[in-house]
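In each ligand, atom 1 is the first atom listed, and ligand 1 is the first ligand listed. Atoms considered below: every heavy atom in the structure, side chains included; atoms not considered: hydrogens, waters and symmetry mates. Computed from a predicted model, the values in this text were never measured in an experiment. We count residues from 1, following the sequence as given.
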Amino acid sequence: MIDNDVTAGAILRIDLEALAANYRCVADCVAPVQVAGVVKADAYGLGAIPVTSALLEAGCRSFFVAHLGEARALRAHFDRDLSVAILNGLHPGGEEECAQIGAIPVINALDQLDRWTRFARACGKRLPCMLQFDTGMSRLGLSPSEVDDLVANPMRLDGVNVRLLISHLACADEPDQPFNRYQADRFEALCDRFPDIPRSLDNSAGTLLPRSHYDVVRAGIALYGGGAQSGSKGIRPVVTLDARIIQLRTVQAGEAVGYGLTHRFGQPSRLATLSIGYADGWPRCLGGRGSAFIGGVRVPIVGRISMDSLTIDVTGVASDQLRPGGLVELIGPLQSLETVASDAGTISYEILTQLGRRYARTYTSATASPQDPTFLTKVAQA
Ligand SMILES: *Cc1c(COP(=O)(O)O)cnc(C)c1O
């Protein structure tokens with residue numbers, strides 16, 4: 001059992017069964033629209049390979065990453081029939097490898113398009129791509145005037161097959177924001193100039209907006225149990241994080257804890273030092289602000305968070321719950337990912353993508369049984 005793993009300071013559990021259920025939940029919600037899995041940034045920190053395997057099992061065939069290197073890692077591992085698109089497109093010089101591994105670049109600018117078509121013509125193949133339009137976020141994609149230019153010069157598309165037209169919402173997590181409608185209108189007007197090509201506008205939060213979801217949605221955070229959908233209609237948490245108690249101590253009134261002695265005790269108190277710190281991606285700003293749960297009791301993080309440890313005030317916890325090596329919940333049934341993010345003044349995306357490399361990680365899935373003694377090794381090798 002992973003609980004017996006004493007080589008790491010904290011245990012990160014990733015529930016691939018919940019991930020697959022979340023995929024099916026989003027798919028049911030938008031059907032017959034297709035759901036592509038966004039697995040950039042190592043699947044939001046949860047492991048691109050095990051996450052992609054689980055999504056393939058759940059029926060997902062289309063994936064998005066951000067970089068060519070991420071596409072290469074997926075392609076090296078999966079020989080099955082799946083499409084891998086690169087959201088950031090290609091940097092100059094990336095064309096050859098992209099074509100070689102059969103990845104699909106998202107074309108965000110006319111110079112990217114020109115390099116891809118030139119490469120396609122040079123090797124005498126028709127190469128796939130996606131076209132991104134900027135509908136108001138001003139981050140990536142062709143502007144309306146660049147689209148005019150493209151429509152006026154259609155030979156600029158010679159050599160490529162445009163598989164999907166995409167754009168990205170700036171305010172999808174604010175459903176009442178009128179800009180969502182504005183972007184959808186702009187998207188439709190731009191797409192209409194390229195008839196009969198499938199369309200994709202929505203990320204996870206976009207799937208909740210009361211309008212068409214076009215042909216494909218690109219779901220990331222909802223699959224990982226975070227964001228606007230968390231706790232709603234069937235989206236299940238995927239991640240739990242428990243840290244071990246290193247030691248327990250008693251402090252007297254007037255004593256202080258941690259770097260800078262920022263927290264001073266007004267009364268005798270009991271402290272537990274946990275084996276997790278900011279080097280594990282636990283946000284340093286949670287010092288004096290965040291919480292943990294032990295024996296069902298909420299306890300405050302006191303003092304500054306160190307690189308490898310942090311301190312909680314456990315004065316209110318029954319002493320039979322307190323022992324060196326015991327586990328304390330940081331993300332789980334009592335403290336959601338969203339709560340951690342809001343305590344830290346950030347979003348669940350950032351908490352997930354910062355999750356550290358030092359945890360004892362375990363993946364639970366419906367298909368491989370934890371009773372199978374080779375299960376953990378299989379997952380570790382995945
Ligand atoms: C990251 C990303 C997504 C996924 O967004 P979620 O909010 O995690 O669902 C979709 N589309 C684009 C262009 C992205 O960059």
4.5 Å side-chain heavy-atom contact, [X] and [Y]:
| X | Y | result |
| --- | --- | --- |
| Pro105 | Met130 | no |
| Arg270 | Leu322 | yes |
| Arg139 | Asp134 | no |

Could you list, one pair per line, each nitrogen or oxygen of ligand 1 together with any protein nitrogen or oxygen closer than 3.5 Å, giving atom names and the distance rounded to 0.1 Å?
residue  : atom   : partner : partner atom : Å
ligand 1 : 7 (O)  : Asn203  : ND2          : 3.2
ligand 1 : 7 (O)  : Tyr349  : OH           : 2.6
ligand 1 : 8 (O)  : Tyr44   : OH           : 2.5
ligand 1 : 8 (O)  : Ile221  : N            : 2.8
ligand 1 : 9 (O)  : Ser204  : N            : 2.8
ligand 1 : 9 (O)  : Ser204  : OG           : 2.5
ligand 1 : 9 (O)  : Gly220  : N            : 2.9
ligand 1 : 11 (N) : His168  : ND1          : 3.4
ligand 1 : 11 (N) : Arg218  : NE           : 2.9
ligand 1 : 11 (N) : Arg218  : NH2          : 3.3
ligand 1 : 15 (O) : Lys40   : NZ           : 2.7

Leu150 and Leu131: CA distance, side-chain angles, deciding distance, side-chain contact (heavy atoms from CB on, under 4.5 Å) verdict: CA-CA 11 Å; Leu150 197 52; Leu131 273 190; 4.0 Å; yes
Candidate pair Leu157 and Val162, rule side-chain contact (heavy atoms from CB on, under 4.5 Å), full reasoning: CA-CA 8 Å; Leu157 286 166; Val162 181; 4.0 Å; yes
Salt bridge (Lys or Arg N to Asp or Glu O under 4.0 Å) partners for Asp308, two or more places apart: Arg358
